[in-house]
Amino acid sequence: MRTRRRRLAPLALVMPLVLLVSACASHAPQTTLEPKGPIARSINNLFNGVFLVAVFVFFFVELGVLFLVLKFRQRKDDPDPDALPPQTHGNFRLEITWTIIPAVMLALVGFATLTTLFNINRRDENAMTVRVTGQQWFWEYSYDTNGDGKYTDGDVITANDLVIPAGQDINLDIRSNDVIHSYWIPALNGKKDAVPGHQTPLRINADKPGVYVGQCTEFCGLSHGYMRQRVVAMSQGDFDAWLDNQKKDAEMPSSGDAAAGAKLFATQCSGCHLAKGINDAEFAKQGHGKDFLVSGNAPDLTHFATRGVFAGSIFDLWQDTDHDGVVEADEIGGTLNRGDLEAWLRDPPARKPMDAPALPERGQGKIRGMPDLGLQEEQIDQLVAFLQTLD
Ligand code: CUA
């Protein structure tokens, strides 16, 4: 038993190291240790510096402890095993030394931390600003395209994919439409809470075009675990083209399943979802403004098909043809991930929990998220055909 334990001892030492190395080597898109932009990099640099200091302190203290244990251990020929070594109490020089060294170290760490903190929270006055709104359970993004400082009718509102130009600072104004959420794209910056009634700034910057993922990091209700987000960074040219397209209204399909789907959308989905050019005109005819049209907590679907994901970014809208786990910009508009989209329309609460079941004596409870509309298979086909036209 004893020899077996001895043989296992080195294994117990090596295993954590193996785990650590494999964790570093694995595909971890949400690691903070691989920053993909200057702001996240400054956080990582701070971490590396503090970590080095901590490692130095650890080894210094451990070596000291080992030295003292060995030097003052009880020996077989000790005449008096209870005798204490000479005590250092009241040694002025030692006490000053071990007060000053940690104080200087902490002051340095504190200075570096505060500098980094102020730096990553600073607004870039020359940068583009996107308003980020946390909703149960998806992220909405508004672009002030006419530059009037407000987010109104003429502006672009999208969801799930935050599209930005790469290689430059982007200001985010983060807020919430219901409860506290938290926005975090680990590769691009630290996290920031989305608080109802407040607008908090955050800045992100991606070195290169690509997709950077994150997820809501503040418990916000039943589907908190299904509230993900993506930043899709593009070249300036691609971004300008993307934004120009987002400004356009959707086109009413003229025939076939898509036209039937548009009609269905206008009757079944209009209470919550807006597709500019499809259902807003209809409501205007009845004398209502857009505030009436949209519930205020469902994604704007005007350019649904230009996004890589749907339903709070938990399902791919388009097939991930290179199987790297991420739908990239060049895969958007490729082959539709029809299976998940149809399953979603068939019964949304089954794919993403919406509301806790109401107490029996309270009846239905309020509806949060997308309800099961009881659509027929034919209607689902029509809606899918229509949704694909929203590009
Ligand atoms: Cu939103 Cu957790």
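In what follows, residues are counted from 1 in the order of the sequence shown. Only a predicted model underlies this, so the values are computations on that prediction, with no experimental measurement involved. Every heavy atom of this structure was used, including side-chain atoms; hydrogens, water molecules and symmetry mates were not. Whatever order the structure lists them in is the order used to number ligands and atoms, beginning at 1.
- One distance of note links CZ of Phe92 with OG1 of Thr97; it measures 9.5 Å at 0.5 Å rounding.
- Within the protein, the N, O or S atoms sitting under 2.8 Å from atom 2 (Cu) of ligand 1 are Cys216 SG, Glu218 O, Cys220 SG, His224 ND1.
- Checked against Arg307 for a side chain to side chain donor-acceptor pair (under 3.5 Å), the options Asn160, Asp391, Thr158 give a single hit: Thr158.
- For the pairing with Arg203, the side chain to side chain donor-acceptor pair (under 3.5 Å) check across Asn119, Asp169, Asn121, Asp124 returns one residue only, Asp169.
- Between Phe310 and Phe315, the ring planes are tilted. Angles from 30° to 60° get that label.
- Phe239 and Tyr143 have tilted rings, their planes meeting at an angle from 30° to 60° on a 0 to 90° scale.
- Ring geometry for Phe265 against His273 counts as tilted: the plane angle lies between 30° and 60°, on a 0 to 90° scale.
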